[in-house]
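Data block below; observations after.
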Amino acid sequence: MTTANADLIRTMRVFAWIDLPIVTVMAIPGLSHGLVNLIGTIDALLEFGNGVGAWSPMAYLFLNVAGVLGVLWALIRLGQPDNLSLVRLDAWGRLAVTALVIGYVATGAVTPVLLVFLVSELVGAAFEFRALARSR
């Protein structure tokens with residue numbers, strides 16, 4: 001295995017393992033409620049004034065579905081860490097998530113607390129794009 005391939009595999013595994021705990025929390029009813037409440041509490045402590053408001057069961061359903069899909073995606077990446085297509089999709093997906101969060105925060109629709117999640121999104125995308133470039 002070349003150094004570039006080893007870097008690619010390590011990068012995919014590291015960021016899949018980083019993602020797995022948070023998407024697992026999102027996938028499980030009750031835990032997802034706790035996550036939303038925690039984000040609201042942090043918003044209040046930092047006095048952003050956005051809060052999270054009351055969530056409907058439909059909103060929690062979509063959060064749980066997104067969490068299940070996130071768990072599956074992380075498991076696929078762990079199972080196929082050398083798949084260049086998956087690395088590329090994950091990197092671009094991270095940029096799409098970043099754009100969505102920034103858009104919602106910029107309009108004041110959601111709390112800036114969510115910007116903390118962009119650290120792993122942007123760092124993950126940067127490492128993945130670097131690993132892709134090295135694998136050529």
Check: With a 4.5 Å limit on heavy-atom distance, are the side chains of Leu35 and Leu31 in contact?
Finding: no
Next item on the list: Search all heavy atoms of Ala131 against all heavy atoms of Thr11 and return the closest pair with its distance.
Entry: CB-OG1, 4.1 Å
Next item on the list: Could you tell me the separation between the CG atom of Leu86 and the CG atom of Leu78, rounded to the nearest 0.5 Å?
Entry: 11.0 Å
Item checked: Within one Ile-Leu-Val-Met-Phe-Trp-Tyr cluster: Leu38 and Val25, side-chain cutoff 4.5 Å -> yes
Notebook entry, point to check: Does Gln80 reach the side chain of Leu75, with side-chain heavy atoms less than 4.5 Å apart?
Noted result: no
Item checked: Pair Thr111-Asp43, side-chain donor/acceptor within less than 3.5 Å -> yes
Note to self: Test your reading of the model: is there a side-chain donor-acceptor pair from Glu128 to the backbone of Ala91, 3.5 Å cut-off?
What the structure shows: yes
Next item on the list: Find out if a path of hydrophobic residues (ILVMFWY) with successive side-chain heavy-atom gaps under 4.5 Å connects Val101 to Tyr104.
Entry: yes
Note to self: Please determine whether residues Phe127 and Trp17 belong to a single hydrophobic cluster, defined as Ile, Leu, Val, Met, Phe, Trp and Tyr linked transitively by side-chain heavy-atom distances below 4.5 Å.
What the structure shows: no
Checklist line | Single-linkage hydrophobic cluster Leu122~Ile18, side-chain heavy atoms < 4.5 angstrom | finding: no
Checklist line | Minimal non-hydrogen separation, Ala27 against Gly67, with atom names | finding: CB-C, 3.5 Å
Note to self: Are Trp92 and Phe129, when compared by the centres of their aromatic rings, separated by less than 6.0 Å?
What the structure shows: yes
Check: Is any side-chain heavy atom of Ile22 less than 4.5 Å from a side-chain heavy atom of Phe117?
Finding: yes
Notebook entry, point to check: Closest heavy-atom contact between Asn64 and Ser32?
Noted result: ND2-OG, 2.9 Å
Notebook entry, point to check: Do Pro112 and Asn50 touch side chain to side chain, with heavy atoms closer than 4.5 Å?
Noted result: yes
Note to self: Checking Arg88 against Leu132 for the side chain to side chain contact (heavy atoms under 4.5 Å, CB included) test, could you report, in this order, the C-alpha distance in whole Å, the side-chain angles of both residues, the deciding distance, and whether it holds?
What the structure shows: CA-CA 7 Å; Arg88 193 173 296 105; Leu132 284 166; 4.0 Å; yes
Notebook entry, point to check: So which heavy atom on Arg94 is nearest to which on Gly124, and how close?
Noted result: CD-C, 3.7 Å
Item checked: Separation of Leu63 CG from Ile28 CD1 (nearest 0.5 Å) -> 11.5 Å
Check: What do the steps show when you test Trp73 against Asp90 for side-chain hydrogen bond (donor to acceptor under 3.5 Å, both in side chains), and what is the final call?
Finding: CA-CA 9 Å; Trp73 181 246; Asp90 195 61; 2.6 Å; yes
Next item on the list: Give the minimum heavy-atom separation between Leu118 and Thr98, together with the two atoms involved.
Entry: CD2-CA, 3.7 Å
Margin query: Quick check on the hydrophobic clustering: are Phe15 and Leu84 connected, directly or via other members, by side-chain heavy-atom contacts under 4.5 Å?
Written below: no
Check: When rounded to the nearest 0.5 angstrom, what is the spacing between CD in Glu121 and CG in Leu100?
Finding: 10.5 Å
Checklist line | Non-hydrogen atoms of Ala74 and Leu20 that approach each other most closely | finding: CB-CD1, 3.8 Å
Note to self: Please determine whether a side-chain nitrogen of the Lys or Arg among Asp82 and Arg77 lies less than 4.0 Å from a carboxylate oxygen of the Asp or Glu.
What the structure shows: no
